[in-house]
Visitor: 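Below are the structure tokens for one structure; questions will follow.
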Number of protein chains: 2
Amino acid sequence: MRDALNRVLELAVVLNDDMTRDLERRGLTGSRAHLVWELHRRGPSTQQALAGALGVTPRAITGLVDALVEGGFVTREPHPRDRRATLVTFTKRGERTAKGLERDHIELAGKLFGDMPATTFRGFTRGLDVVLARLHEIVT
Amino acid sequence: MRDALNRVLELAVVLNDDMTRDLERRGLTGSRAHLVWELHRRGPSTQQALAGALGVTPRAITGLVDALVEGGFVTREPHPRDRRATLVTFTKRGERTAKGLERDHIELAGKLFGDMPATTFRGFTRGLDVVLARLHEIVT
DNA sequence: TATTGTTATACTCTATAACTATA
DNA sequence: TATAGTTATAGAGTATAACAATA
């Protein structure tokens, strides 16, 4: 069991390193890519909404949006009905980048699972579900 | 396949959050715990050796060791045969903490896998091995 | 000359708290 | 009063580069 946990942790680390390298190729850090990912799912969003989605404080969002504006990925647009708020909105480049992230995600899933025998894949995902359920019990 | 990747990523995130909470209870951050873990495996080590083990620069080790000395987990002892080097060495508290980390690790593995049916566990670990192998191919 | 660990400097991410403008 | 986002300040982790002491 300890070995299984070690391999799960190894998977997490190597996966993170690999994904980080891909993000850097697209001019993003992990945190900035996370924001781009959520913005892609939600459409133009207030910074409050993004803070909730990413689980960080509004102050952290200010920094991430500053960097993404600087990099030409997003703009801050005035909220149509609340002059306190801004709507973080993709530029063309941001849109392209978000779609690229999605392609990377699909491609990675294919590389990891694509040529895995169906029975192995089912066994893996079944175990994964059980582990995730246990983990959520622990956290609660 | 995309869903399987998403669940692997979810596992990584929740596992990391859970372990981080446990580390904080022991007065450690993730990076400092990583150093403690390696020191436990290797015994008293030079900062160069720790930099290699953790995959960071010697400068980063200086900061981590400073914090661990401050927290009473380790001391810097003179190297017996090389006056340039220091041997990072556990205090009693550091020793106890390292053993505590090991117990936490075993306990977590037990919670995650302990009551899993043997066939489910085997299916999971087999899939895990395949995924890890694919991932290491990708990274290479 | 090469290595060990330091200081100097900088960047990313995060947090809390005080503040401005608006609701 | 409450909310959206900012500035101010701080801490953790990391990197590169220049440097001192020692090998």
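If you're wondering where the values come from, they're calculated on a predicted model, not measured in any experiment. FYI, side chains are in, hydrogens and waters are out, and symmetry mates aren't considered; it's all heavy atoms of this structure. Numbers restart at 1 for each chain; the letters A, B, ... are given by sequence-line order, proteins then strands.
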Visitor: Rounded to whole Å, how long is the line connecting atom CZ of A:Arg83 with atom P of D:dT3?
Guide: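 Nearest whole value for this atom pair: 19 Å.
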Visitor: Decide yes or no on salt bridge (Lys or Arg N to Asp or Glu O under 4.0 Å) for B:Arg7 and B:Asp3, but give the supporting numbers first.
Guide: CA-CA 6 Å; B:Arg7 275 181 291 176; B:Asp3 190 50; 3.0 Å; yes
Visitor: Check whether the side chain of A:Arg84 and the base of D:dT3 form a donor-acceptor pair under 3.5 Å.
Guide: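 In this structure, the two groups form a donor-acceptor pair.
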Visitor: Would you check if the side chain of B:Arg122 reaches a backbone N or O of A:Gly123 as a donor-acceptor pair within less than 3.5 Å?
Guide: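 Here the side-chain-to-backbone pair does not exist.
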Visitor: Could you tell me the separation between the CD atom of B:Glu24 and the P atom of C:dA15, rounded to a whole number of Å?
Guide: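 To the nearest whole Å, that distance equals 12 Å.
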Visitor: Can you check the A:Arg76 CZ to D:dG5 P distance for me, whole Å?
Guide: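 After rounding, the reported distance stands at 9 Å.
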Visitor: What N/O pairs connect the protein and nucleotides 13-20 of chain D at under 3.5 Å? Give each pair on its own line.
Guide:
{"unit_1": "D:dG13", "atom_1": "OP1", "unit_2": "B:Thr29", "atom_2": "OG1", "d": "2.2"}
{"unit_1": "D:dG13", "atom_1": "OP2", "unit_2": "B:Arg32", "atom_2": "NE", "d": "3.0"}
{"unit_1": "D:dG13", "atom_1": "OP2", "unit_2": "B:Arg32", "atom_2": "NH2", "d": "3.1"}
{"unit_1": "D:dG13", "atom_1": "O3'", "unit_2": "B:Ser31", "atom_2": "OG", "d": "3.1"}
{"unit_1": "D:dA15", "atom_1": "OP2", "unit_2": "B:Thr57", "atom_2": "N", "d": "2.9"}
{"unit_1": "D:dA15", "atom_1": "OP2", "unit_2": "B:Thr57", "atom_2": "OG1", "d": "3.1"}

Visitor: What is the distance, to the nearest angstrom, from the CD1 atom on A:Ile61 to the C1' atom on C:dT12?
Guide: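 Atom-to-atom, A:Ile61 to C:dT12, this comes out as 14 Å.
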Visitor: Between the main-chain N or O of A:Leu101 and the side-chain N or O of A:His105, is there a donor-acceptor pair closer than 3.5 Å?
Guide: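 Not a single qualifying donor-acceptor pair exists.
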Visitor: Ignoring hydrogens and angles, tell me if any N or O in the side chain of B:Arg93 forms a donor-acceptor pair with the backbone of B:Gly71 under 3.5 Å.
Guide: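 Between the backbone of B:Gly71 and the side chain of B:Arg93 there is a qualifying donor-acceptor contact (under 3.5 Å).
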Visitor: Who are the side-chain hydrogen bond (donor to acceptor under 3.5 Å, both in side chains) partners of A:Arg42, not counting sequence neighbours?
Guide: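 Per chain and number, A:Arg42 pairs via side-chain hydrogen bond (donor to acceptor under 3.5 Å, both in side chains) with A:Glu38.
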Visitor: Residues of residues 33-49 of chain B with any non-hydrogen atom less than 4.0 angstrom from an atom of DNA chain C: list those, numerically ordered, please.
Guide: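 Those residues are B:Thr46, B:Gln47, B:Gln48.
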Visitor: Under the rule for side-chain hydrogen bond (donor to acceptor under 3.5 Å, both in side chains), what residues qualify as partners of B:Glu95, not counting sequence neighbours?
Guide: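 Not a single residue meets the side-chain hydrogen bond (donor to acceptor under 3.5 Å, both in side chains) criterion with B:Glu95.
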Visitor: Applying salt bridge (charged side-chain N to carboxylate O under 4.0 Å, His left out), can you list everything that pairs with B:Asp17, at least two apart in sequence or on another chain?
Guide: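 Salt bridge (charged side-chain N to carboxylate O under 4.0 Å, His left out) list for B:Asp17, sorted by chain: empty.
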Visitor: Backbone N or O of A:Leu87 within a donor-acceptor pair of the A:Thr46 side chain at under 3.5 Å?
Guide: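 Checked: no pair found.
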Visitor: Nearest-Å distance, CG (B:Leu28) to C1' (D:dA12)?
Guide: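 After rounding, the gap between these two atoms is 14 Å.
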Visitor: Below 4.0 angstrom, which residues in residues 8-22 of chain B have at least one non-hydrogen atom near DNA chain D?
Guide: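 Close to the strand, none.
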Visitor: Roughly, in whole Å, what's the span from CG in B:Leu50 to C1' in C:dT6?
Guide: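 Checked: the CG to C1' distance equals 16 Å.
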Visitor: Are B:Leu9 and A:Leu35 grouped together when hydrophobic residues (ILVMFWY) are joined by side-chain heavy atoms under 4.5 angstrom apart?
Guide: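 Different clusters.
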Visitor: Would you indicate whether the side-chain heavy atoms of A:Asp18 and A:Leu108 approach each other to under 4.5 Å?
Guide: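 When only atoms from C-beta onward are counted, A:Asp18 and A:Leu108 do touch, with a gap below 4.5 Å.
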Visitor: Please determine whether salt bridge (Lys or Arg N to Asp or Glu O under 4.0 Å) holds for the pair B:Glu107 and B:Arg103, giving the CA-CA distance in whole Å, both sets of side-chain angles, and the decisive distance to 0.1 Å.
Guide: CA-CA 6 Å; B:Glu107 186 189 334; B:Arg103 280 195 301 275; over 6 Å; no
